[in-house]
Enquirer: 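Dropping a structure here in structure tokens format, bear with me for questions.
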Amino acid sequence: MAARGGKKIIIVKKKVAGGGGHHGGSWKVAYADFVTAMMAFFMVMWILGMDEKTKQAVEGYFSNPVGYKKGFGSGSSPLSVGTAPSPIQRTPMRMMLRTTEQRTFEQLRKTILDKLAASDSMRQLNAVVDVQVTREGLRIELVESGRGDVYFALGSARMNAATMLALQLVGTELGASGHPVVLEGHTDGAMFGQDAAYTNWELSTDRANAARRVLQAAGVAPGRVVEVRGYADTHPRVPDDRMAPGNRRISILLPYSQTPESAPSAEALATQKRDSLVTSLTAPLKKAF
């Protein structure tokens, strides 16, 4: 270029480096969003795939912090001088499962009692239904009163109207529960006769089986009935008076789940599930890079 005024003109051109052309780094953000969405999807699928006991145990672990406390040897902070974190106390899974089931049984007990109290027919029939959460589980008992023939005729497995109504009301509530059901029949100490072929053992079992049929018709799945027991007069409700009408009854038991002593804690179980999920997610990601 020609100089102006005897001076040479110098033109400097600067080339600005691009961010990878039209690609740039936006694909990394999109890929990260995709991986996050996939992880959320696998988390949902993992939770849905749990069995009922595992769900209850993990739920109990995250909803009840009792037993998972972290304490320190001295001071108020682990950063203070001379502090040493003490070991975390781990509650066994069986205790967490028991707490969760007890809470479920208490709620179911209230629901059943409210439903029975709302029935005018049950009040008119003077039918006694005792619902308690015991050390065995949720126990629902149809207890005889008065002359002892409210639910069954004396010495017979033939149901009265009160029995059908009570079992139908209870059965509709138990139908939505996933717990196993045990049915028990009980009699008083009255004997049929020394040479009778039909005894209180047969009578108590027949009454329990009659109750089973009504419960199943009301919505309790047949596979949930795990036992039908006939105790005759060996488990009296009124031990001091074996002839008392209250000894004649039908018991519906929803037992607590039996968890082995060696079962891991709920925290350990949750950690195992988390680690297995992380392993399944990271394996394909390693191949992608």
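All values derive from a computational prediction rather than experimental measurement.
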Enquirer: Of all the heavy-atom pairs spanning Gly185 and Ala208, show the shortest one and how long it is.
Expert: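 That closest heavy-atom pairing would be N-CB, 3.7 Å.
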Enquirer: With rounding to the nearest 0.5 Å, note down the distance linking CG in Asp233 to OG1 in Thr199.
Expert: 9.5 Å
Enquirer: Looking at side-chain heavy atoms only, is the closest gap between Leu253 and Leu183 below 4.5 Å?
Expert: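 No, their side chains stay 4.5 Å or more apart.
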Enquirer: Rounded to the nearest 0.5 Å, what separates atom CZ in Arg109 from atom CG in Asp130?
Expert: 8.0 Å
Enquirer: If you look only at distance, which donor and acceptor atoms sit under 3.5 Å apart when one is on a side chain in residues 32-42 and the other is two or more places apart or in another chain?
Expert:
{"from": "Thr36", "atom 1": "OG1", "to": "Ala32", "atom 2": "O", "distance (Å)": "2.9"}

Enquirer: Provide the closest heavy-atom pair for Ser257 versus Leu97 in the form atom of the first, atom of the second, distance.
Expert: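 It is CB-CD2, 3.9 Å.
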Enquirer: Would you say Val131 and Val182 are hydrophobically clustered, going by side-chain heavy atoms of ILVMFWY under 4.5 Å?
Expert: no
Enquirer: Is any side-chain heavy atom of Phe152 closer than 4.5 Å to one of Ile250?
Expert: yes
Enquirer: Is the backbone N or O of Thr104 less than 3.5 Å from a side-chain atom of Gln107, with the two atoms forming a donor-acceptor pair by type?
Expert: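 No, Gln107 side chain to Thr104 backbone: no donor-acceptor pair under 3.5 Å.
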Enquirer: Take a 6.0 Å sphere around CE of Met191 and say whether it holds more than 12 heavy atoms from other residues, nucleotides or ligands.
Expert: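 Open.
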Enquirer: If you measure from CG on Leu116 to OG on Ser121, what distance do you get to the nearest 0.5 Å?
Expert: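 OG of Ser121 is found 11.5 Å from CG of Leu116.
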Enquirer: Given side chains that start at C-beta, do those of Leu167 and Leu142 come closer than 4.5 Å, heavy atoms only?
Expert: yes
Enquirer: Whether the side chain of Ser204 engages the backbone of Thr187 through a donor-acceptor N/O pair (distance < 3.5 Å, no angle test) should be reported.
Expert: no
Enquirer: With salt bridge (Lys or Arg N to Asp or Glu O under 4.0 Å) as the rule and sequence neighbours excluded, what pairs involving residues 163-186 come up?
Expert: Lys115-Glu173, Arg139-Glu184, Glu184-Arg229
Enquirer: Please lay out, stage by stage, how Glu144 and Arg249 fare under the test side-chain contact (heavy atoms from CB on, under 4.5 Å).
Expert: CA-CA 6 Å; Glu144 291 284 10; Arg249 65 198 190 277; 6.0 Å; no
Enquirer: Stepwise, does the side-chain contact (heavy atoms from CB on, under 4.5 Å) test hold for Met164 with Val214?
Expert: CA-CA 7 Å; Met164 297 288 294; Val214 177; 3.7 Å; yes
Enquirer: Within a strict 4.5 Å, meaning less than it, do heavy atoms of the Val181 and Val226 side chains meet?
Expert: no
Enquirer: Could you please spell out the steps behind the side-chain contact (heavy atoms from CB on, under 4.5 Å) verdict for Asn126 and Val150?
Expert: CA-CA 8 Å; Asn126 294 322; Val150 175; 5.8 Å; no
Enquirer: Looking at Ala118 and Arg123, what are the two nearest heavy atoms and their distance?
Expert: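 Smallest heavy-atom distance, with atoms named: C-NH1, 4.2 Å.
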Enquirer: Write out all pairs satisfying side chain to side chain donor-acceptor pair (under 3.5 Å) with one or both partners inside residues 151-167, taking only residues at least two apart or from two chains.
Expert: none
Enquirer: Given 3.5 Å as the limit, does a donor-acceptor pair link the side chain of Gln124 with the main chain of Ser119, or not?
Expert: no
Enquirer: Honestly curious: do Ile252 and Leu108 fall in one hydrophobic cluster under the side-chain, below-4.5 Å linking rule?
Expert: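 Yes, one cluster joins them.
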Enquirer: Given the rule that I, L, V, M, F, W and Y join up when any side-chain heavy atoms are under 4.5 Å apart, are Val228 and Met159 in one cluster?
Expert: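 Yes, Val228 and Met159 fall within the same hydrophobic cluster.
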Enquirer: Side-chain heavy atoms nearer than 4.5 Å, only ILVMFWY residues, links allowed to pass through others: does that put Val133 and Val128 together?
Expert: no
Enquirer: Heavy-atom distance under 4.5 Å between the side chains of Arg224 and Ser177, does that happen here?
Expert: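 SC-SC contact between Arg224 and Ser177 confirmed.
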Enquirer: Take Val129 and Ile140 through the test side-chain contact (heavy atoms from CB on, under 4.5 Å) and record every step on the way to the result.
Expert: CA-CA 7 Å; Val129 181; Ile140 307 163; 3.9 Å; yes
Enquirer: Looking only at heavy atoms, what is the nearest atom pair of Pro245 and Gly146, with distance?
Expert: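 Shortest heavy-atom separation between Pro245 and Gly146 comes out as CG-O, 3.5 Å.
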Enquirer: Any heavy-atom pair between the side chains of Pro222 and Gln216 that's under 4.5 Å?
Expert: yes
Enquirer: Can you pull out every salt bridge (Lys or Arg N to Asp or Glu O under 4.0 Å) where at least one residue sits in residues 203-216? Sequence neighbours excluded, please.
Expert: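 Of all non-adjacent pairs touching residues 203-216, none passes salt bridge (Lys or Arg N to Asp or Glu O under 4.0 Å).
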Enquirer: With sequence neighbours excluded, what pairs up with Arg135 under the salt bridge (Lys or Arg N to Asp or Glu O under 4.0 Å) test?
Expert: none
Enquirer: Would you mind listing every ring-ring contact (aromatic ring centres under 6.0 Å, His included) that reaches into residues 213-237, with sequence neighbours excluded?
Expert: His186-Tyr231, Tyr231-His235
Enquirer: Answer whether the closest heavy-atom distance between the side chains of Thr234 and Asn200 falls below 4.5 Å.
Expert: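 SC-SC contact between Thr234 and Asn200 ruled out.
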Enquirer: Counting only N and O atoms by type, is there a donor-acceptor contact under 3.5 Å from the side chain of Asn247 to the main-chain atoms of Arg242?
Expert: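 Flag set: sc Asn247 to bb Arg242 pair under 3.5 Å.
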Enquirer: Please say yes or no: joined through hydrophobic side-chain contacts below 4.5 Å, possibly via intermediate residues, are Leu113 and Leu138 part of one cluster?
Expert: yes
Enquirer: Could you tell me if the ring centre of His179 sits under 6.0 Å from that of Tyr256?
Expert: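 No, too far apart.
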Enquirer: Given side chains that start at C-beta, do those of Glu141 and Arg237 come closer than 4.5 Å, heavy atoms only?
Expert: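 The answer is yes; the side chains approach within 4.5 Å.
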